[in-house]
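Notes to accompany the following structure.
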Number of protein chains: 2
Amino acid sequence: MTEETMTIREMCDAFDVTPRTLRFYEAKELLFPIRDGQKRLFTRRDRGRLKLILRGKRFGFSLEEIRQLLDLYSPGDRQAMQLAATLDVARERLVDMERRRTELTQAIDDLKNQMDIVEDMLSSAGRVRDAAE
Amino acid sequence: MTEETMTIREMCDAFDVTPRTLRFYEAKELLFPIRDGQKRLFTRRDRGRLKLILRGKRFGFSLEEIRQLLDLYSPGDRQAMQLAATLDVARERLVDMERRRTELTQAIDDLKNQMDIVEDMLSSAGRVRDAAE
DNA sequence: AGACAAGATGACGTTTACGTAAAGAGAACG
DNA sequence: CGTTCTCTTTACGTAAACGTCATCTTGTCT
């Protein structure tokens, strides 16, 4: 098995986060590193979860929202009822994300248009300045 | 002209925000309501800016990032140099937003897949349970 | 054994984006 | 004229997500 674990420093270097962040995520029950004495060892599962956490953060999700979604990706020993509830949460998130993408597309188009307008303003101002020389 | 202004309460009702939020945005120079005595009056320009602010927030942008973008949409009396700088900021934001959309699409696909997997787990568990009856 | 480095554990500090309570000004109403 | 709203300013409070010490263990090197 790829039971290859990583120290906290290796994790920090690999994911560009601080030790504080990893301990904080553990305290918030987003990660569950095992212990070697008092040292933390992060498993492949932790790495997968961290990747999802960082992605969720980039989308502006709170850690609590992310934690709920993570349960979907680690259905391990859940009961059917809990899984169904998690699925409901996931369905809401999915709708949310799709709505977000639609809106993002709109915002991108708007921004492009506005940039074109400003660029035109700049180039016409340039012609005015050139003509004055 | 549509010089139709709105009171703070009308704005709150229209955009579903609190007075505190609007005053806060003004303090942070995101909005510039005019005054009638000591009361604020929000113009069409303020409404346009607020719409963009709320949209930016849904994408997880900070108010400071949003403020910089707003300058692009209100190029009013800017100098060419400032406009060019604003354009540079906008270009970075645009790249950021497009990258975000790509990643969001990926996340949506991942989530759908994971939901399918969990749904399969549930339905197979259901069959096991049904068989046991 | 001594020292150094890596990691752990509190505990307080910081930033962002407001919430909330206190106190006063101005119009409006009975 | 007193009361009731609506709005204002000022100021302290708060939740999220860590940053930043200070202090303590522990393994490791010499």
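The analysis underlying the following values was restricted to heavy atoms, covering all of them including side chains, and did not include hydrogens, waters or symmetry mates. Naming convention: chains lettered A, B, ... in sequence-line order (proteins, then strands); numbering from 1 in each chain.
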Return the minimal non-hydrogen interatomic distance between B/R91 and A/M115, and the atom names on each side.
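It is CG-CE, 3.4 Å.
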For residues B/L69 and B/F32: do they belong to one hydrophobic cluster (side chain heavy atoms under 4.5 Å, members Ile, Leu, Val, Met, Phe, Trp, Tyr)?
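Unlinked, B/L69 and B/F32 end up in two clusters.
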Identify whether A/V118 and B/V89 are in the same connected component of the hydrophobic contact network (ILVMFWY, side-chain heavy atoms under 4.5 Å).
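Per the 4.5 Å side-chain linkage, A/V118 and B/V89 are not co-clustered.
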Go through the side-chain N and O atoms of B/T43 and B/D46 and say whether any donor and acceptor fall under 3.5 Å apart.
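Judged by distance alone, the side chains do pair up.
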Hey, is the side chain of [X] poking within less than 4.0 Å of OP1 or OP2 on [N], counting only N and O atoms?
{"X": "B/T7", "N": "D/dC7", "value": "yes"}
{"X": "A/R40", "N": "C/dT9", "value": "yes"}
{"X": "B/K57", "N": "C/dC18", "value": "yes"}
{"X": "B/T21", "N": "C/dA17", "value": "no"}
{"X": "A/Y25", "N": "D/dC18", "value": "yes"}
{"X": "B/T18", "N": "C/dG19", "value": "yes"}

B/L70 and B/I53, any side-chain heavy atoms less than 4.5 Å apart
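The answer is yes, as the side chains (C-beta and beyond) meet within the 4.5 Å cut-off.
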Distance, rounded to the nearest Å, where [X] contributes [atom1] and [N] contributes [atom2]:
{"X": "A/F24", "N": "C/dA8", "atom1": "CZ", "atom2": "P", "result": "17 Å"}
{"X": "B/E64", "N": "C/dC18", "atom1": "CD", "atom2": "C1'", "result": "17 Å"}
{"X": "B/R20", "N": "C/dA22", "atom1": "CZ", "atom2": "P", "result": "16 Å"}
{"X": "B/E26", "N": "C/dC18", "atom1": "CD", "atom2": "P", "result": "15 Å"}
{"X": "B/R67", "N": "C/dA17", "atom1": "CZ", "atom2": "P", "result": "12 Å"}
{"X": "A/I8", "N": "C/dT9", "atom1": "CD1", "atom2": "C1'", "result": "12 Å"}
{"X": "B/L22", "N": "C/dA17", "atom1": "CG", "atom2": "C1'", "result": "13 Å"}
{"X": "B/K39", "N": "C/dA28", "atom1": "NZ", "atom2": "P", "result": "8 Å"}

Classify the nucleic acid contact of B/K28 as base, sugar-phosphate or nothing, counting any heavy atom under 4.0 Å across all strands shown.
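Here B/K28 touches no strand at all.
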N/O donor-acceptor pair, side chain B/R23 with base D/dT8, under 3.5 angstrom:
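In this structure, the two groups form no donor-acceptor pair.
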Pairwise 5' ranking along DNA chain C for B/L63 and A/R9, keeping only the more 5' one:
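Upstream on the strand: A/R9.
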